[in-house]
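Throughout, protein chains are lettered first and strands after them, A, B, ... in sequence-line order, and every chain is numbered starting at 1. Predicted model, so just to flag it, every value in this text is computed and none were measured.
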Protein chains: 2
Amino acid sequence: MIALQPGHETAQIPDIVIRRLPVYVRTLRDLHERGISSISSDDLAKHIGVTAAQIRRDLSYFGKFGKQGKGYDTAYLAETIASILGLDKQWDVALAGLGNLGRAIVRYRGFADESFNIVALFDHFADRVGQEVGEMTVLPDDQITKVIQERGIKIGIVAGPAAVAQSVADQMIAGGVQAILNYAPVVLKVPSGVTVREIDPVSALQSMTYYLGDHGDSHLDDQDTD
Amino acid sequence: MIALQPGHETAQIPDIVIRRLPVYVRTLRDLHERGISSISSDDLAKHIGVTAAQIRRDLSYFGKFGKQGKGYDTAYLAETIASILGLDKQWDVALAGLGNLGRAIVRYRGFADESFNIVALFDHFADRVGQEVGEMTVLPDDQITKVIQERGIKIGIVAGPAAVAQSVADQMIAGGVQAILNYAPVVLKVPSGVTVREIDPVSALQSMTYYLGDHGDSHLDDQDTD
DNA sequence: CCATGTGAATGTTTTCACAGCT
DNA sequence: AGCTGTGAAAACATTCACATGG
């Protein structure tokens with residue numbers, strides 16, 4: 001993790017800015033891989049589908065990364081933002097809930113490639129405990145707190161049904177988890193100091209149907225980042 | 001779909017409000033099922049994890065649904081909002097991309113329960129074409145436009161890899177799709193009139209790691225609805 | 001001359017606070 | 001007495017527009 005530049009350490013950075021940074025990293029890495037070593041905020045904005053002013057403003061919270069008249073070095077900026085986010089290390093992740101969704105998440109290679117290793121699996125239901133998934137053994141819920149604490153895991157994924165999601169989250173937090181990715185269709189209550197992001201495809205679909213009616217025109221090119 | 005009350009037909013309602021409505025519907029239906037027939041904005045806010053003023057303001061875009069001194073009728077409000085969103089009918093959905101993720105989505109019962117039926121499957125890769133998934137035959141990409149048009153499908157799910165996502169989306173849109181749920185880690189370019197919501201768990205995780213560093217305190221109980 | 005970084009302006013969203021209805 | 005619905009205020013986010021530096 002790099003040091004922020006002087007005058008930036010204490011600024012309170014809006015969460016909405018933080019949520020856009022991963023998309024910048026992904027896009028900049030892609031540009032770099034395609035042989036583009038430098039890019040203006042204008043061109044980057046076109047790739048991402050936001051405004052150039054927004055990119056410049058977002059970056060200004062962290063320092064000065066561009067060269068006037070030239071633009072940004074794609075490789076340097078990608079790895080600088082990645083470092084600000086803490087993506088220059090691998091993070092251990094615990095996952096609870098091994099139904100269809102949980103298994104698909106364990107099989108998914110995208111997390112490991114992007115700084116996250118799922119290293120512990122839990123399930124509420126006895127018939128799943130002891131099963132092997134992705135070379136790991138599924139443990140019972142009552143071990144969540146202990147295992148997370150022992151291994152120093154800071155990130156949890158909740159993939160089980162709504163009815164057990166809060167209890168699982170509570171046990172993860174008791175073990176020291178400070179970030180939860182929640183796939184359950186329920187709003188988790190967490191103490192301050194814990195960040196939650198919801199993955200809610202059903203709500204996403206249900207909100208889009210509004211624009212399929214005879215209401216107002218749709219006209220949004222929404223770029224939700226979750 | 002119910003008629004909006006007079007004076008509300010033409011108001012331009014913020015998308016951020018629309019995106020919160022599914023959570024209101026879900027919570028109100030749950031309260032109703034648990035035998036709670038009436039609730040104040042204050043109590044509803046506590047259940048959802050937002051402020052009471054926000055709920056009242058959000059609802060005010062659509063009409064007056066409460067009884068002063070009493071609160072809201074849970075069943076009535078749930079079905080009224082559902083109707084505003086267009087959830088009082090089932091919507092046909094086309095899905096492209098039948099890797100692990102796509103198969104998990106087809107198997108997932110949550111969509112069908114919440115107004116969405118996946119009725120057509122497509123894949124770019126020849127070895128998946130012709131396979132049976134969830135009692136449907138996987139069709140090749142070059143049939144996307146035709147089948148969507150013939151069946152009048154308005155909603156698409158893009159579950160394939162980033163490299164083919166834009167091309168698949170373009171073909172869906174050519175067939176008449178106006179709403180896309182995008183699981184691919186790429187920003188889709190779509191014409192005005194088409195709504196896109198991103199499902200991006202990797203970005204969600206990557207943004208939370210920011211708060212696990214020695215930056216500012218985490219303090220957010222984020223309620224992302226996508 | 002080009003494109004950043006940023007004050008200032010604008011636009012949007014949330015919250016306050018209370019008049020008014022039941 | 002309790003709680004809604006909503007003007008007005010405050011907070012927040014985006015965009016403009018330009019001085020500045022390479």
**OP:** Would you give a per-nucleotide map of nucleotides 13-22 of chain C, 5' to 3', where B means the base has a protein non-hydrogen atom under 4.0 Å away, S means only the sugar-phosphate does, and - means neither?
**Re:** SSB-B--BBS
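- Other residues, nucleotides and ligands contribute only 12 or fewer heavy atoms inside 6.0 Å of the NZ atom of Lys67(B).
- Taking every heavy atom of both residues into account, Ala120(A) and Ile153(A) meet most closely at CB-CD1, 4.3 Å.
- Listed by first and then second residue, the salt bridge (Lys or Arg N to Asp or Glu O under 4.0 Å) pairs involving residues 25-37 of chain B are Asp200(A)-Arg26(B), Arg29(B)-Glu79(B), Arg29(B)-Glu114(B), Asp30(B)-Arg34(B) (not counting sequence neighbours).
- Between Phe111(B) and Phe116(B), the ring planes are perpendicular. Angles over 60° get that label, and only those under 30° would be called parallel.
- A heavy-atom distance below 4.5 Å is found between the side chains of Pro201(A) and Tyr183(B).
- At a non-hydrogen distance threshold of 4.0 Å, Ser40(A), Ser41(A) from residues 39-47 of chain A come into contact with DNA chain C.
- Taking 4.0 angstrom as the limit, Tyr72(B) places none of its side-chain polar atoms (N or O) nearer than this to OP1 or OP2 of dG2(D).
- The interatomic distance linking Leu77(B) (CG) with dT4(D) (C1') rounds to 13 Å, in whole Å.
- Note: CG (Leu59(B)) to C1' (dT6(D)) measures 13 Å, nearest angstrom.
- Classified by interplanar angle (parallel below 30°, tilted 30° to 60°, perpendicular above 60°), the ring pair Phe62(B)/Tyr210(A) is perpendicular.
- Counting only distance, with no hydrogens or angles, the side chain of Ser207(B) and the backbone of Arg19(A) share no donor-acceptor pair below 3.5 Å.
- Between Tyr72(B) and Ser38(B), the closest side-chain pair of non-hydrogen atoms is not below 4.5 Å.
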